[in-house]
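Take a look at the structure set out below.
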Amino acid sequence: MAASPQIASLLGRRGRLELDDVLAALVVDGYLLADDARQVRMGARAGRSTVELHPLVLIANAKLLNQREPGRPLRLEALTEWLAGHAGLPYLKIDPMKINAGSVTQVVSHAYAQRHRILPVASAPGEVTFATCEPFDSGWASDLAQMIRRDVRRVVASPLDINRYLQEFYGVQRSIQLAQDAKGSGHDSSSAILNFEQLVELGKTGEVGADDRHVVHIVDWLLQYAFEQRASDIHLEPRRETGSIRFRIDGRMHKVFELPSPVMTAVTARIKILARMDVAEKRRPQDGRIKTRSASGREVELRISNMPTAFGEKVVMRIFDPDLVVKDFAQLGFSPGEDAHWRSMVERPHGIVLVTGPTGSGKTTTLYSTLKHLATPELNVCTVEDPIEMVSPEFNQMQVHAAIDLDFAAGVRTLLRQDPDIIMVGEIRDLETAQMAVQASLTGHLVLSTLHTNDAPSAVTRLLDLGVPHYLIQSTLTGVVAQRLVRTLCPHCKQPTTQDPQAWNVLTHGWSLIVPAQVFRPVGCLECRNTGFLGRTGIYEMMKLSPRLRGLISAELDLSHFGQAALAEGMRPLRISAADQVAAGLTTVQEILAVLPPIEAFDDTPP
């Protein structure tokens, strides 16, 4: 949008934005009707509590229709972008994951930033970038440039974002500084501020009291921040000088924060207390869980795992949001054909169904979603897990405890005395567990479990390697599903494009699949934080054991021959399932090739 000198003059005549001037400019630009502007003006005068709100926030809160985009409301981000255009400044959607809060909060004080409604968002040796929601109030910029002896660059951002991150960045940084540096002298003892020596001692004892509010604040902020960013895992990684905090979002790791080592020690101890772990034990790995709530009120479970490293305890928190973990089969990414295949395998009274894939490939989500589908008041569904991923009222769940010799095999043995209909075993790791799963199937139970293999046919050789006799595999194994997770394109910003035939041929080598007439490419927008991807979906390789495949299972199984036979019986490889997702506009060839293993265990071209 080209900036209008007349409108810029109207908006900037008083320095700070006034509601009347902004409304008049929006009417002139054709975003608002004059009657709508009059309503906002009258509402603002009637409501005295709103006088402190920024004009753009007042207008956005009115939820008026955008006259330039019929049927759409006039949102705050669109208003901010419009303001930036008339001010002749770049527009910025603040992404907290790309801002070094520790660095930017050292540039100016919280009071100064709050007074001028500015937020430092980038700091370099010769230049500092500030986000402002008052682009025509620029007097502070020249004064500040002289004070800090660096150039000041201004960008325009949403007033709500500026206000929010002002509180968060400076609040968290203040807690870190107080936790690290505060001394007992000059402070009221009731304030319970931790000083450096206390934190060192804390690292030895692992004791964090409920009054250590600065550490509590950091942990609370960290959890809510992770929920908001759609993180699946939080990694706390100690180093010599500073500890690193990273999130895994849509399968990719993102560095989000750094903490001084003593503060990281305190944060780790606080998390261990919340997870009911032994805070004094720092030499052995431990597991725990935390149940909390997101800002929206949803109950969220976190599985905590810690291990000793050279510089302290590394903590990984896996986030289980019940709304995200349990999905119907269509949401898992099953095509109609895959849905029918999967149902035919799991809607049986007995047999073993295996889900295979590496860690983080979505096996847990597939199994829990399937159990939710199968669990009815007429069936007894039991699980034995290590650990219990998500507590569900529909199942009877047992936790493995190696210290008391309650392993998977002992757990299944116990469950068989509990009159089950369906048993889910977290993972088949050894011969004894595999034998108990086979025994459960032979006695008329449906058994669901996981294995770590790259593809579906390899699951049979894995069971043979564990020592399961081939004739028992023949009589009990119903089917195997190998799966991966791939990032899906953001529906808000993806754009149509043509598919490169060479890349398509790399993906579909050996299969006669027509190059799609249209595919989509990632762009990046506010919704996906400029990554171009939003969420993940599954790709599947489903192998149902037909009579012919059962006949091929022997002690000297030839995996290549068995894999070719599975293809002849209708199994579609992972990459061909993925090609369907590309053709449907859900992902890209490049994303698929980054996820699938580079070497297949057998030649998966059709026989």
Side-chain angles (χ1 to χ4, degrees), residues 341-357 363-364 366-392 394-402 404-453 456 458-482 542-545 547 549-550 553 555:
H341 268 86
W342 182 242
R343 288 176 187 272
S344 70
M345 285 191 270
V346 299
E347 293 177 351
R348 292 166 52 95
H350 57 82
I352 299 175
V353 179
L354 299 175
V355 181
T356 77
K363 300 188 297 295
T364 297
T366 299
L367 286 178
Y368 270 103
S369 299
T370 301
L371 289 177
K372 282 278 189 179
H373 168 73
L374 297 174
T376 64
E378 294 79 27
L379 293 177
N380 177 19
V381 180
C382 300
T383 75
V384 53
E385 305 171 61
D386 182 22
I388 295 174
E389 305 277 17
M390 187 190 73
V391 178
S392 176
E394 289 92 346
F395 320 142
N396 302 292
Q397 296 170 278
M398 181 192 299
Q399 166 80 51
V400 166
H401 287 290
I404 57 173
D405 295 325
L406 177 56
D407 55 14
F408 279 119
V412 176
R413 191 178 297 112
T414 300
L415 291 183
L416 287 176
R417 305 188 194 108
Q418 293 284 317
D419 185 31
D421 295 295
I422 300 172
I423 297 173
M424 193 271 272
V425 184
E427 183 183 346
I428 294 178
R429 300 174 179 169
D430 50 46
L431 175 59
E432 192 178 5
T433 305
Q435 287 174 331
M436 290 309 306
V438 167
Q439 186 65 35
S441 174
L442 289 173
T443 51
H445 304 92
L446 176 65
V447 180
L448 304 178
S449 190
T450 67
L451 274 179
H452 287 289
T453 63
S458 298
V460 177
T461 57
R462 173 71 176 140
L463 291 174
L464 290 169
D465 289 343
L466 287 175
V468 181
H470 69 276
Y471 53 86
L472 290 180
I473 300 174
Q474 284 179 337
S475 56
T476 59
L477 187 61
T478 300
V480 183
V481 175
M542 296 195 171
M543 183 184 75
K544 186 176 180 180
L545 261 70
L549 291 179
R550 293 182 191 279
I553 298 175

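Since the structure is predicted, the reported quantities are computational estimates derived from the model, not experimental observations.
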### Task
Report yes or no: does His452 contribute a side-chain atom to a donor-acceptor pair with the main-chain N or O of Thr356 at less than 3.5 Å?
no

#### Entry: Nearest heavy-atom neighbours spanning Gly351 and Thr478
CA-OG1, 3.5 Å

#### Entry: Summary of salt bridge (Lys or Arg N to Asp or Glu O under 4.0 Å) pairs that have at least one residue in residues 430-448, sequence neighbours excluded
Arg413-Glu432

### Query
Among Val353, Ile423, Ile352, which one satisfies side-chain contact (heavy atoms from CB on, under 4.5 Å) with Leu448?
Val353

### Message
Taking the side chain as everything from C-beta on, heavy atoms only, tell me whether Thr433 gets closer than 4.5 Å to Leu466.
### Response
no

#### Entry: Inter-residue atom distance Leu431.CG - Met436.CE, 0.5 Å rounding
11.5 Å

### Query
Does a side-chain heavy-atom distance below 4.5 Å link Asp386 with Gln399?
yes

## Note on the structure
Residues Val355 and Lys363: closest non-hydrogen pair is O-CD, 3.6 Å

### Message
Within the 4.5 Å heavy-atom criterion, are Leu472 and Leu442 side-chain neighbours or not?
### Response
yes

### Task
Check the side chains of Asn396 and Asn380 for a donor-acceptor pair under 3.5 angstrom, ignoring hydrogens and angles.
yes

### Query
Is there side-chain contact between Leu549 and Val460, with at least one heavy-atom pair below 4.5 Å?
no

### Atom pair CD/CG of Gln435 and Leu463 - distance to nearest 0.5 Å
11.5 Å

## Note on the structure
CD (Glu347) and OG1 (Thr370) are apart, to the nearest 0.5 Å, by 9.5 Å

### Task
Would you mind reporting whether Leu415 and His445 have side-chain heavy atoms less than 4.5 Å apart?
no

#### Entry: Interatomic spacing from CE in Met345 to CG in Leu446 - rounded to 0.5 Å
11.5 Å

### Message
Using only atom types and a distance under 3.5 Å, with no angle test, would you say the side chain of Thr476 pairs donor to acceptor with the backbone of Val438?
### Response
no

### Message
Show the nearest heavy-atom pair for residues Ala440 and Val447, with the distance to one decimal.
### Response
CB-CG2, 3.7 Å

### Message
Could you go through Leu367 and Thr383, starting from their C-alpha distance and side-chain angles, then the distance that decides it, and tell me whether this counts as side chain to side chain contact (heavy atoms under 4.5 Å, CB included)?
### Response
CA-CA 11 Å; Leu367 286 178; Thr383 75; over 6 Å; no

### Message
To the nearest 0.5 Å, what is the distance between OG1 on Thr376 and NE2 on His373?
### Response
10.0 Å

### Message
I need the minimum non-hydrogen distance between Lys544 and Ser344, along with the two atoms involved.
### Response
NZ-OG, 3.2 Å

## Note on the structure
For Glu427 and Thr450 the tightest heavy-atom approach is CA-OG1, 3.5 Å

### Query
Rounded to the nearest 0.5 Å, what separation is found between the CE atom of Met424 and the CD atom of Glu385?
4.0 Å

### Query
Taking side chain as C-beta onward, heavy atoms only, is Leu354 less than 4.5 Å from Ile428?
yes

### Query
Does the side chain of Val481 reach to within under 4.5 Å of the side chain of Thr366, using non-hydrogen atoms?
no

### Query
If you take all heavy atoms of Phe408 and Gly426, which pair is closest and at what distance?
CE2-N, 3.6 Å

### Query
So, Ser441 side chain and Ala437 main chain: donor-acceptor pair closer than 3.5 Å or not?
no

